[in-house]
Amino acid sequence: MKRFLDAVRIGPADGSVAVRLLRLAACLLIGGFFIRAALPKIRSPKDFAFIVFSYDVLPDAWVNLVAHILPCLELVCGAALILLPAWRTVSALLIGGLLVSFIAMLVSVILRGIEISCGCLSVDAQGEPIGWNTVIRNVILLACTLLAVWTPRGDRRKRIVHESVL
Amino acid sequence: MNPEAPSRPPVAPDRPSGKIRLPLQALVLAAAAAILSIAANQVREEPFPWSQEWSKRVASAAQLQGFRTAEVQEAQSIVEAGTWFVFDARSPDYFEAGHLPAAMSLPRDTFDEVFLEVGGMLVPEQSIMVYCSGAACDESLDVCTYLEAQGFTNLVLFTGGYDTWTEAGLPTESGL
């Protein structure tokens, strides 16, 4: 198993096999989720822009810009998290930042009583509605993102050395 | 080996230090995302604009299609006149929760079925006003387009929709 983990080079080569497997699973889950979430938005920017506008948190001039760039950022970060070990920390940080802002916007929409589609995994305006379950899912994803970069205390020094040679 | 020989000067690191590596990597990922979004937009059959006035999107599209649009004051006059048919293009759930006085439900998504029931009451010259949730919703524009295709000629689109109506403090009704 250790050879396999070394071969796929997902995550630094420190920590026990169990910790590395856990990080591997977290990287695949979060990276896969973000890649899956990005594709329909990149295919249909107009539909995604309508959902962004419906959140009513951005000025008009920013809506299309966000609808263009946000899905590509999701795709790039998701791919980097899975495929580039040396970029794992930065991609996890960016994904974590995105998730925190998503959670804030979802809560804002719920508190303002706006009934709209989430736009999380599809761009269907009649798709998954926003609710507390959507918020909880994003909190779980945020926890998984932290797990993807988590290193047990005793392994931190080894991790720094490992990352510096990657 | 001469112990007095000067030590070799330190070699400049060929990798950025940890303090600047993360911001540099973040910038690279952001730049990659920006380049990817530009490239994706270039290969689309119909490139999507990078900026537009969303609040006036539906009103602009309606005017381009030749529909007359109404602001809230005119919509109020139309409702009070009592001679117009007023159609609510939102889904039945929203209609049931609240709608303009004397409005009838004609949801965009089930237009064909519902129009079979209400179409018999109308003549092509009938004055009709259509609305949906607010300034950005598409349903009223789509219903106007469908009605025009059925031969109706006197159509008005209330672009502000239900949101503007309630914000103006005007009366509403609820139930089907």
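Atoms considered below: every heavy atom in the structure, side chains included; atoms not considered: hydrogens, waters and symmetry mates. Here the structure is a predicted model, which is why all the values come from computation and not from measurement. Chain A is the first sequence line, chain B the second, and so forth, proteins listed ahead of strands; every chain is numbered from 1.
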Under the side chain to side chain contact (heavy atoms under 4.5 Å, CB included) criterion, do S51(B) and L65(A) qualify, and how do the steps go?
CA-CA 7 Å; S51(B) 180; L65(A) 193 68; over 6 Å; no
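Under the 4.5 Å side-chain heavy-atom criterion for Ile, Leu, Val, Met, Phe, Trp and Tyr, L141(B) and F111(B) are members of the same hydrophobic cluster. Residues L157(B) and F115(B) fall within the same hydrophobic cluster, defined by Ile, Leu, Val, Met, Phe, Trp and Tyr side chains chained together at heavy-atom separations under 4.5 Å. Residues F87(B) and V156(B) fall into different hydrophobic clusters, defined by Ile, Leu, Val, Met, Phe, Trp and Tyr side chains chained together at heavy-atom separations under 4.5 Å. Linking Ile, Leu, Val, Met, Phe, Trp and Tyr residues whenever their side-chain heavy atoms come within less than 4.5 Å leaves V19(A) and L146(A) in two separate clusters. Under a hydrophobic-cluster definition in which Ile, Leu, Val, Met, Phe, Trp and Tyr are linked whenever side-chain heavy atoms come within less than 4.5 Å, directly or via other members, V123(A) and F102(A) are assigned to the same cluster.
Using a 4.5 Å heavy-atom cut-off against chain B, the contacting residues of residues 29-45 of chain A are I42(A), R43(A), P45(A). The stretch residues 31-40 of chain B places A32(B), A33(B), L36(B), S37(B), A40(B) near chain A, each with some heavy atom under 4.5 Å from a heavy atom of that chain. Along residues 117-131 of chain B, no residue comes nearer than 4.5 angstrom to chain A, judged on non-hydrogen atoms.
The aromatic rings of H68(A) and W50(B) lie parallel to each other, their planes meeting at an angle below 30°, with 60° marking the opposite boundary.
Nearest approach of L22(B) to V90(A), heavy atoms of both residues: O-CG2, 3.5 Å. Closest approach of L29(B) and C77(A) over heavy atoms only: CD1-SG, 4.4 Å.
Within the 4.5 angstrom heavy-atom criterion, only side-chain atoms of L94(A), from C-beta onward, approach chain B. For S91(A), the parts lying under 4.5 angstrom from a heavy atom of chain B are both the backbone and the side chain. There is no contact between L70(A) and chain B, counting heavy-atom distances below 4.5 Å. With a 4.5 angstrom heavy-atom cutoff, A80(A) touches chain B only via side-chain atoms.
Applying the side chain to side chain contact (heavy atoms under 4.5 Å, CB included) rule to V100(A) yields the partners L142(A); only residues at least two apart in sequence or on another chain are considered.
With hydrogens and angles ignored, the 3.5 Å screen pairs no side-chain donor or acceptor of E53(B) with any backbone N or O of A61(A).
Summarising the geometry, atom CD belonging to Q52(B) is positioned 8.5 Å from atom NZ belonging to K46(A); distances are rounded to the nearest 0.5 Å.
The local environment of CD in Q150(B) is crowded, with over 12 non-hydrogen atoms from other residues, nucleotides or ligands closer than 6.0 Å.
Between chain A and the options P49(B), S133(B), G134(B), heavy-atom pairs under 4.5 Å are most frequent for P49(B). Heavy-atom pairs under 4.5 Å with chain B were tallied for V66(A), I69(A), L93(A); the largest tally goes to I69(A).
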